[in-house]
**Student:** 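Encoded as structure tokens, here's the structure I'll be asking about.
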Amino acid sequence: GFIDMDADGDIDITAVGTVDVDGAALQLNSTGDSNLTMAANTGSTQTLTIAASNADGSNVGKIDVDSDGDIDITAVAALDLDGASVEINSTSSSNLTMVANSGSEQTLTISATNSGGSTGKIDMDADGKIQCTAGGTLDLDGGAVEIDATTAGISIDAVDSSNITMTANAASVKKLQ
């Protein structure tokens, strides 16, 4: 059997305890502004969980969020995205920006590590220019630094005293060419 509720006005369900809705499928549809909100007033941290799982070993549960406008996620504290892989794609100009308001130095870290038998890498590609601008020092450190220009020259310009230094610590002859 089923329960069918229709109303020309609001339907209000209020409970002092838990409201438990179970079914083979659940549909919540609306034609106007809507929300799913937890407004707790308790002395301990409360969590609103949206989860999908599939106990069938050959399939998974997915969460699919779609919008024909913006999707706005705001967190007063940390925003933590974890996944076996993370993919963020855009079809127009985009940014990853930290705008801090702190009396102490803040850092935006892009990091790749691999705790397995190999290394973590960061690969930046563009069919146009890759531009790095720093208000302070631009510091490139690495076991080796390789700069290759395949279609034009290399230009390194400075407005003050500059140097290129090689400090070798090996028995064989080393060259700075």
**Student:** If I compare all heavy atoms of Ile122 with all of Ala112, which pair ends up nearest, and what's the gap?
**Tutor:**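 Looking at all heavy atoms of both residues, the shortest contact is CG1-CB, 3.8 Å.
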**Student:** Indicate whether any N or O donor in one side chain lies under 3.5 Å from an N or O acceptor in the other, for Ser162 and Asp160.
**Tutor:**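 No.
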**Student:** Under 3.5 Å, side chain of Gln46 to main-chain N/O of Ser44, donor-acceptor pair present?
**Tutor:**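 Yes, because the side chain of Gln46 sits within donor-acceptor range (under 3.5 Å) of the backbone of Ser44.
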**Student:** Checking Asp157 against Ser155: is there a side-chain donor and acceptor pair closer than 3.5 Å?
**Tutor:**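 Present: a donor and an acceptor within the cut-off.
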**Student:** Nearest 0.5 Å, please: how far is CE in Met5 from CD1 in Ile13?
**Tutor:**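 With rounding to 0.5 Å, CD1 (Ile13) is 4.5 Å from CE (Met5).
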**Student:** Would Thr150 and Asp148 satisfy side-chain hydrogen bond (donor to acceptor under 3.5 Å, both in side chains), going step by step from the backbone distance to the final call?
**Tutor:** CA-CA 6 Å; Thr150 58; Asp148 297 317; over 6 Å; no
**Student:** Only counting residues at least two apart or in another chain, list the ones meeting side-chain contact (heavy atoms from CB on, under 4.5 Å) with Thr165.
**Tutor:**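 side-chain contact (heavy atoms from CB on, under 4.5 Å) list for Thr165, sorted by chain: Asn163, Thr167.
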**Student:** Counting only heavy atoms not in Ile110 (residues, nucleotides, ligands), do more than 12 fall under 6.0 Å from its CD1?
**Tutor:**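 It does not: Ile110 CD1 has 12 such atoms or fewer within range.
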**Student:** Closest heavy-atom contact between Ala7 and Asp10?
**Tutor:**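 The answer is CB-O, 4.2 Å.
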**Student:** If I take atom NZ from residue Lys121 and atom CG from residue Asn114, how far apart are they, to the nearest 0.5 angstrom?
**Tutor:**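 Here the interatomic distance stands at 10.5 Å.
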**Student:** Apply side-chain hydrogen bond (donor to acceptor under 3.5 Å, both in side chains) to residues Asp20 and Thr18 and explain how you reach the verdict.
**Tutor:** CA-CA 6 Å; Asp20 189 359; Thr18 300; over 6 Å; no
**Student:** If you measure from CD on Gln131 to OG1 on Thr133, what distance do you get to the nearest 0.5 Å?
**Tutor:**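 That separation rounds to 4.0 Å.
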**Student:** Report whether Leu36 and Val65 are members of the same hydrophobic cluster (ILVMFWY, side-chain heavy atoms less than 4.5 Å apart, transitive linking).
**Tutor:**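 Yes: a chain of side-chain contacts under 4.5 Å links Leu36 to Val65.
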**Student:** Which residues satisfy the side chain to side chain donor-acceptor pair (under 3.5 Å) test with Ser102, sequence neighbours excluded?
**Tutor:**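 By the side chain to side chain donor-acceptor pair (under 3.5 Å) rule, Ser102 matches Ser104, Gln106.
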**Student:** If two hydrophobic side chains count as joined below 4.5 Å and joins carry through other members, does Leu79 share a cluster with Leu48?
**Tutor:**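 No, it is not one cluster - the side chains of Leu79 and Leu48 are not joined through contacts under 4.5 Å.
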**Student:** Is it true that a side-chain atom of Ser67 and a backbone atom of Gly69 form a donor plus acceptor pair closer than 3.5 Å?
**Tutor:**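 Looks like yes, one N/O pair under 3.5 Å.
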**Student:** side-chain contact (heavy atoms from CB on, under 4.5 Å) with Ser58: which residues, sequence neighbours excluded?
**Tutor:**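 Ser58 satisfies side-chain contact (heavy atoms from CB on, under 4.5 Å) with Asp56 only.
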**Student:** Give a yes or no answer on whether the side chain of Ser90 reaches the backbone of Ser92 with a donor-acceptor pair at less than 3.5 Å.
**Tutor:**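 Yes: the side chain of Ser90 pairs with the backbone of Ser92.
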**Student:** Look at the side-chain heavy atoms of Ile, Leu, Val, Met, Phe, Trp and Tyr, link any pair under 4.5 Å apart, and say whether Ile50 and Ile71 land in one connected group.
**Tutor:**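 They do share one cluster, since a chain of ILVMFWY contacts under 4.5 Å joins Ile50 to Ile71.
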**Student:** Please say which of Val60, Asn59, Asp64 ends up in a side-chain contact (heavy atoms from CB on, under 4.5 Å) with Lys62.
**Tutor:**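 Going through Val60, Asn59, Asp64 one by one, the side-chain contact (heavy atoms from CB on, under 4.5 Å) with Lys62 is satisfied by Val60 alone.
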**Student:** Atom CE of residue position Met124 - does it have more than 12 heavy atoms of other residues, nucleotides or ligands inside 6.0 Å?
**Tutor:**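 No, CE of Met124 has 12 or fewer neighbouring heavy atoms, counting only those of other groups under 6.0 Å.
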**Student:** Backbone N or O of Gly32 within a donor-acceptor pair of the Ser30 side chain at under 3.5 Å?
**Tutor:**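 Side chain of Ser30 to backbone of Gly32: a pair is present.
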**Student:** Which heavy atom in Asn54 sits nearest to a heavy atom in Gly61, and how many Å separate them?
**Tutor:**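 Heavy atoms of Asn54 and Gly61 come nearest at CB-N, 3.6 Å.
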**Student:** When you look at CD1 of Ile63, are more than 12 heavy atoms from neighbouring residues, nucleotides or ligands closer to it than 6.0 Å?
**Tutor:**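 Counting other residues, nucleotides and ligands, CD1 of Ile63 exceeds 12 neighbours.
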